[in-house]
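Everything below concerns the one structure shown next.
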Protein chains: 2
Amino acid sequence: MQTLIAPAQLLKCMADDLRLRTLLLILNEKELCVCELTAALEQSQPKISRHLAQLRNCGLLQDRRQGQWVFYRLNPALPEWVLTTLNAIHDGNQTLIATDSERLQQMGDRPERAAACC
Amino acid sequence: MQTLIAPAQLLKCMADDLRLRTLLLILNEKELCVCELTAALEQSQPKISRHLAQLRNCGLLQDRRQGQWVFYRLNPALPEWVLTTLNAIHDGNQTLIATDSERLQQMGDRPERAAACC
DNA sequence: TTCCTATATATGGATATCCGCATATCCTAG
DNA sequence: CTAGGATATGCGGATATCCATATATAGGAA
């Protein structure tokens with residue numbers, strides 16, 4: 001589904017406020033599931049889910065199912081410039097996900113992660 | 001017209017193949033005029049002009065008129081993360097503007113730049 | 001002024017994007 | 001199997017984006 005996407009297309013996928021905040025939150029937390037993102041970003045579940053599908057189809061995110069939850073993380077095969085970009089945006093715009101992160105921390109009953117994978 | 005644009009909106013402005021190549025060419029050449037970009041990118045003048053207007057309105061580019069020509073350069077007040085991003089994309093995707101640059105070099109009668117400015 | 005070159009913009013149509021709502025799928029518990 | 005929670009997707013409709021074409025504006029030369 002995603003093999004060698006043009007840089008501009010990857011940028012376009014990042015170039016949406018919700019998707020960008022999603023990426024930065026995941027950059028911070030390593031891994032988040034849909035319900036955590038729904039809570040942190042205060043958006044409807046279908047909306048979050050569709051944006052996550054877009055990010056996955058672009059090759060930016062990778063998903064892993066664990067029980068009822070689906071966890072999303074950055075695709076480890078990401079081109080280096082993408083990571084450089086995300087980190088630069090993160091460092092240059094601390095307020096962008098400040099309240100989102102806060103909501104995430106204050107969220108009760110966050111799903112447990114199994115060391116799993118690989 | 002452009003005061004403090006959200007990061008996602010800046011990304012969206014960069015997230016178009018033509019506009020991204022335009023930015024990278026200008027990053028390389030410091031300054032280019034519309035006719036040079038029209039030749040390098042092999043696109044119609046109105047199309048180039050409209051994309052340049054978008055880049056200017058986002059605050060990514062700055063223009064300067066010199067005689068009949070209008071030269072575009074990166075806005076010197078650009079947030080650092082934007083420069084980091086452009087450089088990362090440039091370094092990670094050399095082929096992206098390779099033939100554009102070549103066409104630019106082979107273009108005859110490129111307009112002279114006055115040391116002007118300031 | 002008139003002509004020519006360089007650049008910008010208006011208009012309208014084709015296409016893409018985004019969202020809300022409803023529904024489907026998948027997994028676990030019982 | 002049945003029920004319920006978590007996640008994904010289908011279906012319009014509203015909106016935004018993009019382009020080609022035609023036209024307008026600006027500067028320089030005659």
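Just so it is clear, the values below take in all heavy atoms, side chains as well, and ignore hydrogens, waters and symmetry mates. Labels below follow one simple rule: chain letters A, B, ... track the order of the sequence lines, proteins then strands, and each chain is numbered from 1.
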Rounded to the Å, how far apart are [X] [atom1] and [N] [atom2]?
X     : N      : atom1 : atom2 : answer
A/Q54 : D/dA8  : CD    : C1'   : 14 Å
B/F71 : C/dA6  : CZ    : C1'   : 11 Å
A/R50 : C/dC18 : CZ    : C1'   : 7 Å
B/L37 : C/dT7  : CG    : C1'   : 12 Å

Exercise. Are side-chain N/O atoms of B/Q54 and B/R56 paired as donor and acceptor at under 3.5 Å?
Worked result: no
Exercise. Judged by modelled atom types alone, do B/E31 and B/Q66 share a side-chain donor-acceptor pair under 3.5 Å?
Worked result: no
Exercise. Taking for each residue the nucleotide of DNA chain C bearing the nearest heavy atom, is the 5' side occupied by B/Q68 or by A/R65?
Worked result: B/Q68
Taking only the side-chain heavy atoms of [X] (C-beta and beyond), determine which of [options] contains the nearest atom.
X     : options              : answer
B/C35 : C/dT7, C/dA8, C/dA22 : C/dT7
A/W69 : D/dA6, D/dA22, D/dT9 : D/dA6
B/V70 : C/dT7, D/dG10, D/dA6 : C/dT7
B/D16 : D/dT9, D/dC18, D/dA6 : D/dC18

Looking at [X], I'd like to know whether one of its side-chain N or O atoms comes within less than 4.0 Å of OP1 or OP2 on [N].
X     : N      : result
B/R19 : D/dC18 : yes
A/Y72 : D/dA6  : no
A/H51 : C/dT17 : no

For this session: May I ask you to decide if B/C33's main-chain N or O and B/E36's side chain share a donor-acceptor pair within less than 3.5 Å?
Result: yes
Seminar exercise, completed: Comparing A/K12 with A/K47, nearest DNA chain D nucleotide closer to 5' gives the residue A/K47
Problem set entry | Common cluster, A/W69/A/L32, ILVMFWY with side-chain heavy-atom separation under 4.5 Å | no
For this session: Determine whether any donor atom in the side chain of B/Q45 lies under 3.5 Å from an acceptor atom in the base of C/dA6, or the reverse, and answer yes or no.
Result: no
Exercise. Quick one: which of B/T84, B/L24, B/L27 gives a side chain to side chain contact (heavy atoms under 4.5 Å, CB included) with B/I89?
Worked result: B/L24
